[in-house]
Every structure is written in C-alpha cells, then in structure tokens.
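To keep things clear, I will list the structure first and then write my remarks on it.
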Amino acid sequence: MAQDRIFDATAYFTALARGNRLARQEGFAPVTSTGLENLEGILDEMRSQRAFIAIDDTGETAYRKMSGCWYARRVWTVHVLHRYAAGDLADRQKWLDVCRRVFRQMLARMIADRYATAHEGLWYLDTSEVMSREYPELFLDGVTGLYFTIAADEPLDLTMGDGEWEDGDAGA
C-alpha cells in the first residue's frame with residue numbers, strides 16, 4: 001500500500017529559506033542534496049552562489065508505536081552553509097555566526113508554525129528536540145556552517161487489506 005506523505009519537507013524548508021530576511025539579505029540559496037556525500041546542489045552552484053540552505057532529499061524513516069497507534073518517524077537533514085575567504089579565520093567566524101543566526105531564526109519559525117497551524121502536516125513536526133552540529137574548519141575548503149536534523153511523526157495506516165495475503169498462516 002502506498003502511504004501518502006503528509007509533510008513535504010523540501011517544500012517547507014525551501015519556503016523557510018526564501019522567506020527569511022537574513023537568509024535573503026546574505027544570499028542563501030535553497031538547494032537540494034542527496035546525502036552529505038553528494039552535496040551536488042551546492043557544488044553545482046558554488047561558482048555563482050556564496051551561501052546555501054541545502055535540504056537533504058533522502059529523509060530517513062523509522063516505524064514506531066506510540067499511545068496505541070503506529071507512526072512513521074521521518075527525519076531530514078538541512079545544511080546551512082556559507083563560503084568564506086579560505087585561510088581567513090576571522091571571515092570564517094563571521095559567516096559561521098551568520099549561519100548560526102539563520103538556523104536559530106529557522107528553528108523559531110518551525111516552532112511557531114508547528115503550533116500555529118495544522119496546515120501541511122506541520123503539527124506532526126517534532127520541535128521538542130532538534131539536533132545541530134557545526135562543521136569543522138576543514139569541512140570543505142572555504143565553506144563553513146552547520147547542519148540540523150528534524151523529525152516528523154506521521155500516523156501510519158497498517159491495516160491489512162483484503163486480497164493482500166494468501167489464505168492460511170504466513171509463518172507456518
């Protein structure tokens with residue numbers, strides 16, 4: 001059975017990147033990437049863009065039971081990155097601080113959105129714990145920033161449908 005996704009993370013984080021005044025002012029471009037090892041969205045734009053909010057489009061999913069219901073816990077990674085003058089630690093610190101501010105503003109917006117509306121499945125967004133990690137100085141030559149992960153717990157329909165199984169015991 002195909003399970004419809006309630007929360008569209010790529011669309012949501014792209015909208016956050018485009019709607020944040022600081023991100024727009026500092027030229028953060030929303031892009032997608034497929035895993036940390038494939039930051040192609042960033043590498044493709046590196047020559048023309050200085051800053052990125054890269055949404056990893058390979059979300060992870062775990063299935064769990066909470067309060068008698070089953071949920072699909074989907075987790076996404078979002079990178080907030082800015083180029084700096086390679087070897088200039090003061091410039092690196094300046095842009096890392098900007099990345100931190102963009103992240104904090106995005107987090108504040110996620111919390112507000114989660115409680116202000118049930119639109120687009122935002123009420124399933126788990127804002128009670130958002131993990132972030134800053135990239136070390138030698139992550140990518142001349143690039144600084146951080147990434148954060150966030151999850152959404154979407155209800156899951158595990159009803160067995162007629163005609164999905166042959167008669168008899170499956171494990172016998």
Check [X] against [Y] and note the closest heavy-atom contact, atom names and distance.
{"X": "G145", "Y": "L96", "answer": "O-CD1, 3.7 Å"}
{"X": "I55", "Y": "T14", "answer": "CD1-OG1, 3.7 Å"}
{"X": "V75", "Y": "T149", "answer": "CG1-CB, 4.2 Å"}
{"X": "C99", "Y": "V80", "answer": "SG-O, 3.6 Å"}
{"X": "A85", "Y": "D91", "answer": "N-OD2, 2.7 Å"}
{"X": "E26", "Y": "V98", "answer": "CG-CG1, 3.9 Å"}

For residues [X] and [Y], determine if any side-chain heavy atom of one lies less than 4.5 Å from a side-chain heavy atom of the other.
{"X": "I150", "Y": "D126", "value": "no"}
{"X": "P155", "Y": "Y124", "value": "yes"}
{"X": "F13", "Y": "P30", "value": "no"}
{"X": "D113", "Y": "L16", "value": "yes"}
{"X": "L122", "Y": "Y12", "value": "yes"}
{"X": "T144", "Y": "L81", "value": "no"}

Working note: R92 + W95, criterion side chain to side chain contact (heavy atoms under 4.5 Å, CB included); need CA distance, chi angles, decisive distance, verdict. CA-CA 5 Å; R92 177 186 182 274; W95 292 115; over 6 Å; no
Distance-only, no hydrogens or angles: does the R114 side chain make a donor-acceptor pair with backbone N or O of L125 under 3.5 Å?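 Yes: the side chain of R114 pairs with the backbone of L125.
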Between the side chain of R24 and the main-chain N/O of R18, is any donor-acceptor distance below 3.5 Å? yes
Give a yes or no on whether [X] atom [atom1] has more than 12 heavy-atom contacts from other residues, nucleotides or ligands under 6.0 Å away.
{"X": "M66", "atom1": "CE", "answer": "yes"}
{"X": "R100", "atom1": "CZ", "answer": "yes"}
{"X": "Q25", "atom1": "CD", "answer": "yes"}
{"X": "Q93", "atom1": "CD", "answer": "yes"}

For a quick check under 3.5 Å, do D56 and Y147 share a side-chain donor-acceptor pair by atom type? no
Same apolar cluster: [X] and [Y], side chain cutoff 4.5 Å:
{"X": "L107", "Y": "L22", "value": "yes"}
{"X": "L158", "Y": "Y63", "value": "yes"}
{"X": "M110", "Y": "L146", "value": "yes"}

Roughly how far, to the nearest 0.5 Å, is CG of N20 from CD of Q105? 4.5 Å
Applying side chain to side chain contact (heavy atoms under 4.5 Å, CB included), run through I53 and V78 and close with a yes or a no. CA-CA 7 Å; I53 296 177; V78 179; 3.7 Å; yes
Ring centroids only, cut at 6.0 angstrom: are [X] and [Y] within range, meaning strictly under it?
{"X": "F148", "Y": "F103", "value": "yes"}
{"X": "F28", "Y": "H82", "value": "yes"}
{"X": "F7", "Y": "W76", "value": "yes"}

Test: D153 and R64 ion pair at under 4.0 Å: yes
Before accepting this row, confirm whether a basic side-chain N of the pair E154/R73 lies closer than 4.0 Å to the acidic partner's carboxylate O. no
With side chain to side chain contact (heavy atoms under 4.5 Å, CB included) as the test, would you mind laying out the steps for Y135 and H79 before giving the verdict? CA-CA 10 Å; Y135 285 109; H79 310 267; 2.6 Å; yes
